[in-house]
Amino acid sequence: MSTAAAPVRTLDAHMVGELRQAAEKLLAEFGTSATSPQLLVRVREVASGFSRPLRDECRPVDTADGLFVIRGLGVDDEEVGPTPSSWATAGDSGAVYDLALLLLATVMGNPIAWDGQQDGRFVHNIVPSPGHEAEQTGASSSVLLSPHTEDAFHPGRAHLLMLGCVRNPDNIATTAAGIRKTRLTDADTEVLKKPVVPILPDDAYEAAQGYTDEAAPAVPALYAAEDGMTLRFDPAYTPLDDADETYRSAYGRLSDELARVSVAVSLSPGEILVVDNDMVVHGRVPFQARYDGTDRWLKRASVRVPGRRTRPAAESTEHGYGQAALEAHAS
């Protein structure tokens, strides 16, 4: 795994002041970052008034890395308080940073939430939680969080994933690997472009895991979009035993290539990692959680980009295991 630096976009003092003032004003107006139609309307109004320089830093991913880091926002460690013990106890902890992330997400596209995850909030708290150490979810800690596409089981998954760092005293790295940096044979690529096995809902979606109304749809791991190769990948929730040896071998070589080109991004408080969810898989290295209020704490936002065409048309017929994505700014 490489420790090469990720592309960085730095907000200057004026842009930081503009963003922070807007977030603080919204928090004063609503008293919470919890989702409400009124809050979402105001977020869109405020974001539409941002300056051109700030909006330019939110432009699409523009390198083969498939990601970038926004730097400069900063976090007041005392103001945010201790790291919550789970998302369920987080409430409005760090609410001003929720709103800052939601504002940036709105400039980038249309933020989405899930009716079955974290109470339908548009910004999630990612913290280690007792009893979940070995799961393949953001609440884990003691195991490697396998590289994956965010919400890969669902056709309405995000185009962009934003991970904002609130606290990371142990420099725990997020891993990221871009499909366009891999070297696969044409034969393996053709095999992996075929819909052979499904991607099942992960452990964060208990209701979806119990969905039995329709069969799980087989989906391709790779897809050739107009601007390059994209992927849909989550080996921890892919029943590869149901595939033939040719497919399993090609999938294994894809996994090996993603591991070869993987980079480690250790975020500092106030930094935001933006990942193109069609180009890049992400994960996390293992760590030992202390559960003393000082553990790693990220904020997560998911964004769809209206009009983007990077996925197979067949995805439009998938049932999504009964899960509904909630749009912040429905047209």
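Every heavy atom of this structure was used, including side-chain atoms; hydrogens, water molecules and symmetry mates were not.
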Flag for [Y]-[X]: side-chain donor and acceptor within less than 3.5 Å:
X	Y	answer
E245	S249	yes
S302	E150	no
S140	R284	yes
T174	R296	yes
D278	Y223	no

**Request:** Among D227, D65, D276, find the one that has a salt bridge (charged side-chain N to carboxylate O under 4.0 Å, His left out) with R180.
**Result:**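 Of the listed residues D227, D65, D276, the salt bridge (charged side-chain N to carboxylate O under 4.0 Å, His left out) partner of R180 is D227.
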Taking ring-ring contact (aromatic ring centres under 6.0 Å, His included) as the definition, give me every residue that meets it alongside H154, ordered by chain and number, with sequence neighbours left out.
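H154 satisfies ring-ring contact (aromatic ring centres under 6.0 Å, His included) with W114 only.
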Check H132, Q209, Q136 against D203 for a side chain to side chain donor-acceptor pair (under 3.5 Å) and give me the one that passes.
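Result for side chain to side chain donor-acceptor pair (under 3.5 Å) with D203: Q209.
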Apart from V143 itself, members of its ILVMFWY cluster (side-chain separation under 4.5 Å) are none
For residues [X] and [Y]: do they belong to one hydrophobic cluster (side chain heavy atoms under 4.5 Å, members Ile, Leu, Val, Met, Phe, Trp, Tyr)?
X	Y	result
F30	L326	yes
L161	V280	yes
V166	I172	no
V61	I272	yes
V41	L104	no

Residue pairs meeting salt bridge (charged side-chain N to carboxylate O under 4.0 Å, His left out), one or both in residues 78-104, sequence neighbours left out, come to D92-R121, D98-K299
Neighbour count >12 (heavy atoms, 6.0 Å) for atom [atom1], [X]:
X	atom1	answer
D186	CG	no
Q288	CD	no
E24	CD	yes

L298 side chain near L273 side chain, heavy-atom distance below 4.5 Å: no
side-chain contact (heavy atoms from CB on, under 4.5 Å) test vs R167 passes for just one of V127, V75, D77, namely D77
For H319 and Y211, what are the C-alpha separation, side-chain angles and deciding distance, and is it a ring-ring contact (aromatic ring centres under 6.0 Å, His included)? CA-CA 10 Å; H319 52 64; Y211 183 84; 4.8 Å; yes
